[in-house]
2 protein chains.
Amino acid sequence: MSGPIDFYFDFASPYGYFAAGAIDALGARYQRTVNWHAIVLDANFQSLERIRIPSSVMRSDYIRRDVERVASFMKLPYKAPSSLGLHTELAARLFYWFNDRDPQQSRAFAQAVFKAYFVEDRNIAQLEVLQQLCCPLQMTPDDVASVAGDSATRARLKAEIDMAEARGVFGSPFFIVEGERFWGNDRLPLLERWLDAGTY
Amino acid sequence: MSGPIDFYFDFASPYGYFAAGAIDALGARYQRTVNWHAIVLDANFQSLERIRIPSSVMRSDYIRRDVERVASFMKLPYKAPSSLGLHTELAARLFYWFNDRDPQQSRAFAQAVFKAYFVEDRNIAQLEVLQQLCCPLQMTPDDVASVAGDSATRARLKAEIDMAEARGVFGSPFFIVEGERFWGNDRLPLLERWLDAGTY
């Protein structure tokens with residue numbers, strides 16, 4: 001088998017940001033397509049398996065420290081944002097707007113959003129910030145405002161979240177390849193073993 | 001610095017079992033003493049950081065699969081037990097009885113308990129099973145029964161749990177070295193980096 005890797009992330013998840021810095025290189029090593037999917041874990045999402053970690057966890061001293069350590073371990077730039085758990089719905093809608101036109105552009109957008117949040121401490125819940133991030137991607141501020149508020153992009157995101165839920169996604173980052181699910185960037189070594197051996 | 005590694009585990013935690021199969025070798029590579037501590041996460045334990053994962057998680061399809069994968073990845077024998085979340089208080093009390101006499105014996109006991117639960121599917125909450133496990137360690141069934149019900153061993157375990165909580169332990173496995181906390185066997189690479197570099 002050599003199926004694609006579906007990579008799910010929430011823009012509010014620092015571990016999702018770290019995974020975004022590693023997953024394409026991993027896919028390339030095994031000649032796999034990587035499909036990126038932005039999801040919003042705190043909206044719409046029913047937890048089928050009741051496995052969701054409470055949001056207070058992400059604010060704990062332990063996690064704050066762990067995130068810094070993992071960034072250092074993975075050699076990725078990171079600066080603790082002043083506000084954790086920002087709402088990521090607008091960013092996710094814009095992600096699919098790019099994605100439906102050019103997946104490479106949506107990756108560039110996603111990396112720009114992650115960098116803005118987890119390196120530059122910018123508020124990615126704000127329309128103005130997203131408008132600035134879209135400028136280098138040839139999307140005008142007016143287009144950003146119109147897409148962010150559009151019912152079609154809202155429905156597009158909801159369909160993605162419903163699909164993710166149906167496939168058993170419940171966290172960020174999350175990976176599915178050939179039906180096998182992996183939760184967390186600390187499962188990347190197990191994902192790699194799967195890609196390599198076709199089993200666990 | 002070259003402080004000891006404090007290794008906390010709950011006998012009901014399969015990930016604790018996996019960590020028990022790896023931590024002594026890791027400590028030895030860096031000339032560190034490893035102190036083992038049995039804790040009981042579902043008893044007495046106040047979650048200071050409210051970071052505890054609900055017990056339903058451990059029964060989810062995802063975790064069942066993940067545990068099997070991790071066992072395979074770490075090359076450790078594992079057979080899914082028919083009953084998850086067994087109560088581990090008696091086993092933990094006996095652990096300290098051995099530990100106060102000879103830490104090596106308490107390790108042998110701990111490994112026997114983990115093997116009984118996660119390889120042989122035996123009910124380690126039962127006194128009779130614990131009595132059988134203690135036989136090769138020169139502890140008679142009568143002594144096991146008396147220690148398991150003794151108020152002194154109960155108090156000894158409670159003090160360990162209180163201490164663990166005061167040090168910020170909230171899961172299994174959990175490691176503390178030189179004040180730095182690591183939660184989960186997937187943090188062993190970060191722990192190793194700490195041992196190697198003295199920082200993260």
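Order of the sequence lines fixes the chain letters, A, B, ..., with proteins taken first and strands second; residue numbering starts at 1 for each chain. Here the structure is a predicted model, which means the values were calculated and not measured.
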Note to self: At a 4.5 Å cut-off on heavy atoms, which part of A:R193 comes close to chain B: side chain, backbone, both, or neither?
What the structure shows: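 For A:R193, the side chain is the part near chain B, not the backbone.
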Note to self: Please give me the minimum heavy-atom distance between B:Y62 and A:W183, naming the atom from each residue.
What the structure shows: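 Smallest interatomic distance, heavy atoms only, reads OH-N, 2.6 Å.
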Check: Within 45° of the axis and under 6.0 Å from the centre of the six-membered ring of A:F182, does NZ or CZ of B:R65 qualify?
Finding: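 The answer is no, since B:R65 fails at least one limit relative to A:F182.
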Checklist line | NZ/NE/NH1/NH2 to OD/OE distance under 4.0 Å, A:R187 and B:D66 | finding: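 Result for this pair is yes, salt bridge flagged.
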Next item on the list: Could you grab the distance from atom CG of B:L188 to atom CG of A:D186, nearest 0.5 Å is fine?
Entry: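 Result: 11.0 Å between the selected atoms.
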Item checked: Close side-chain approach of A:R181 to B:D61, heavy-atom, < 4.5 Å ->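 In contact.
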Next item on the list: Kindly work out whether a path of hydrophobic side-chain contacts (I/L/V/M/F/W/Y, heavy atoms less than 4.5 Å apart) joins B:M163 to B:V169.
Entry: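 B:M163 does not cluster with B:V169.
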